[in-house]
Amino acid sequence: MNQQKNNGKADQQNGKTPGMTDGKVNLVDSIQAEIAPEISPLLKFIVKYGRKIGLVFLLFILAAGGVGIWETFSSGRDQKAQIVLGKVLAVSDPAARLKGLEELLPSAGSDMKIAVLLPIAETALALKDYPKAAAAWQEVSGLAEEPFKSVALWGYGSALALSGKEAEALPVFEKLAQNTGNMPATRLMSNLRVAGLAESLGQLDKSIAVYEGLLADPDFAGNKADLEQRINYLRQQAKK
């Protein structure tokens with residue numbers, strides 16, 4: 001810690017500000033300059049700043065019964081990286097937080113990469129940077145195993161749709177709907193997204209077929225009268 005403080009003082013004596021690169025503040029470097037090995041790991045930051053971590057991040061924890069992600073955070077394999085991530089997550093300004101997360105990502109080890117990508121996806125979504133959110137979710141889906149993979153694919157498809165890329169989002173939700181390993185709720189919600197996207201793309205026959213499949217699905221507990229009404233409407237539209 002003393003060496004890190006001395007490095008910071010040396011930077012100041014040389015006319016440099018700690019955490020500055022080419023005249024720009026690097027949030028991750030600034031945080032790393034403050035970290036001592038004895039500081040508590042990321043778990044304390046999650047407890048303290050849980051609201052800022054966000055729903056999607058917590059969804060990943062719940063998706064695996066709280067085991068996989070917490071084991072990664074508490075393993076101690078890269079405690080300093082965990083602490084840096086925790087401090088970046090504590091940044092209140094979303095744009096600054098996203099910048100810090102993106103600075104951290106290239107140096108994140110394989111066991112930390114998903115933990116960095118998750119808040120990148122959610123923060124980008126909050127900032128309505130849908131292409132960036134989609135890219136982060138897509139990368140997570142390629143790294144994660146089930147049930148994380150399905151959650152990431154849902155986020156990826158949703159971000160694509162919000163980006164106006166319904167044609168690219170449609171096969172993502174079709175893949176989720178066809179995954180027999182998914183829980184019934186995931187499969188049914190994915191089918192609803194397929195039906196809605198197909199309709200918006202003018203693929204009315206596909207939309208009708210999916211809605212009819214939902215009507216016949218014993219796991220569907222929604223309002224079947226609404227589905228029947230939608231099917232009748234689409235059939236009328238298809239005749240025009």
Exercise for review: Please lay out, stage by stage, how L192 and V210 fare under the test side chain to side chain contact (heavy atoms under 4.5 Å, CB included).
Suggested key: CA-CA 8 Å; L192 285 170; V210 173; over 6 Å; no
Point to revise | R187 and Q178: CA distance, side-chain angles, deciding distance, side chain to side chain contact (heavy atoms under 4.5 Å, CB included) verdict | key: CA-CA 7 Å; R187 178 172 50 79; Q178 293 163 6; over 6 Å; no
Practice item. Go through K149 and E145 one step at a time and tell me if the salt bridge (Lys or Arg N to Asp or Glu O under 4.0 Å) criterion holds. Key: CA-CA 5 Å; K149 181 181 288 292; E145 298 179 359; over 6 Å; no
Exercise for review: List the steps and the verdict of side chain to side chain contact (heavy atoms under 4.5 Å, CB included) for L85 and L101.
Suggested key: CA-CA 7 Å; L85 175 58; L101 289 165; 3.6 Å; yes
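Considering only residues two or more places apart in sequence or on other chains, F173 meets the ring pair (Phe, Tyr, Trp, His ring centres under 6.0 Å) condition with W154. Q138 is linked by a side-chain hydrogen bond (donor to acceptor under 3.5 Å, both in side chains) to Y156, counting only residues two or more places apart in sequence or in another chain. Listed by chain and number, the residues in a side chain to side chain contact (heavy atoms under 4.5 Å, CB included) with D205 amount to none (sequence neighbours excluded). In this structure, N232 has no side-chain hydrogen bond (donor to acceptor under 3.5 Å, both in side chains) partners at least two apart in sequence or on a different chain. Legend: residues meeting side-chain hydrogen bond (donor to acceptor under 3.5 Å, both in side chains) with E228, ordered by chain and number and at least two apart, are absent. When the side-chain hydrogen bond (donor to acceptor under 3.5 Å, both in side chains) test is applied to E139, no partner is found at least two apart in sequence or on another chain. Partners of R230 under the salt bridge (charged side-chain N to carboxylate O under 4.0 Å, His left out) rule, at least two apart in sequence or in another chain, are E199. The salt bridge (charged side-chain N to carboxylate O under 4.0 Å, His left out) check on E174 picks up K206, with sequence neighbours excluded. Residues passing the side chain to side chain contact (heavy atoms under 4.5 Å, CB included) test with Q229 are D226, sequence neighbours excluded. D93 is linked by a side chain to side chain contact (heavy atoms under 4.5 Å, CB included) to A95, A96, counting only residues two or more places apart in sequence or in another chain. Applying the salt bridge (charged side-chain N to carboxylate O under 4.0 Å, His left out) rule to E168 yields no partners; only residues at least two apart in sequence or on another chain are considered.
The CG atom of L204 sits 10.5 Å away from atom OH of Y211, with the distance rounded to the nearest 0.5 Å. Separating the CG atom in L214 from the CG atom in L188 is a distance of 6.0 Å, to the nearest 0.5 Å. The structure places CG of L104 at 10.0 Å from CG of L117, a figure rounded to the nearest 0.5 Å. To the nearest 0.5 Å, atoms NZ (K99) and OG1 (T123) are separated by 14.5 Å. One distance of note links NZ of K175 with CG of L170; it measures 14.0 Å at 0.5 Å rounding. Rounded to the nearest 0.5 Å, atoms CZ (F220) and CE (M189) are 9.5 Å apart.
Looking only at side-chain heavy atoms (C-beta outward), L143 and K113 come within less than 4.5 Å of each other. Put simply, the side chain of S158 reaches to within 4.5 Å of the side chain of R193, judged on heavy atoms. L215 places a side-chain heavy atom less than 4.5 Å from the side chain of I231.
The one candidate from V194, L153, N191 that meets the side chain to side chain contact (heavy atoms under 4.5 Å, CB included) condition with L176 is L153.
A salt bridge links E212 to R235: at least one charged side-chain nitrogen sits closer than 4.0 Å to a carboxylate oxygen.
For A167 against P171, the heavy-atom pair with the smallest separation is O-CD, 3.1 Å. Contact between L127 and P94 at its shortest, heavy atoms only, is CD2-CB, 3.7 Å. Among all heavy-atom pairs drawn from A133 and A121, the shortest one is CB-O, 3.5 Å. Across all non-hydrogen atoms, the minimal contact from R97 to V88 is CG-O, 3.4 Å.
When only modelled atom types and interatomic distance are considered, S150 and E146 share a side-chain donor-acceptor pair under 3.5 Å.
A donor-acceptor pair under 3.5 Å is absent between the side-chain atoms of K165 and the main chain of L160, judged by distance alone. A donor-acceptor contact shorter than 3.5 Å is absent between the side chain of S207 and the backbone of Q203. Looking at S200, its side chain does come within 3.5 Å of a backbone N or O of L197 through a donor-acceptor pair.
Pairs of residues two or more places apart, or lying in two chains, never qualify as ring pair (Phe, Tyr, Trp, His ring centres under 6.0 Å) while including a residue from residues 88-134.
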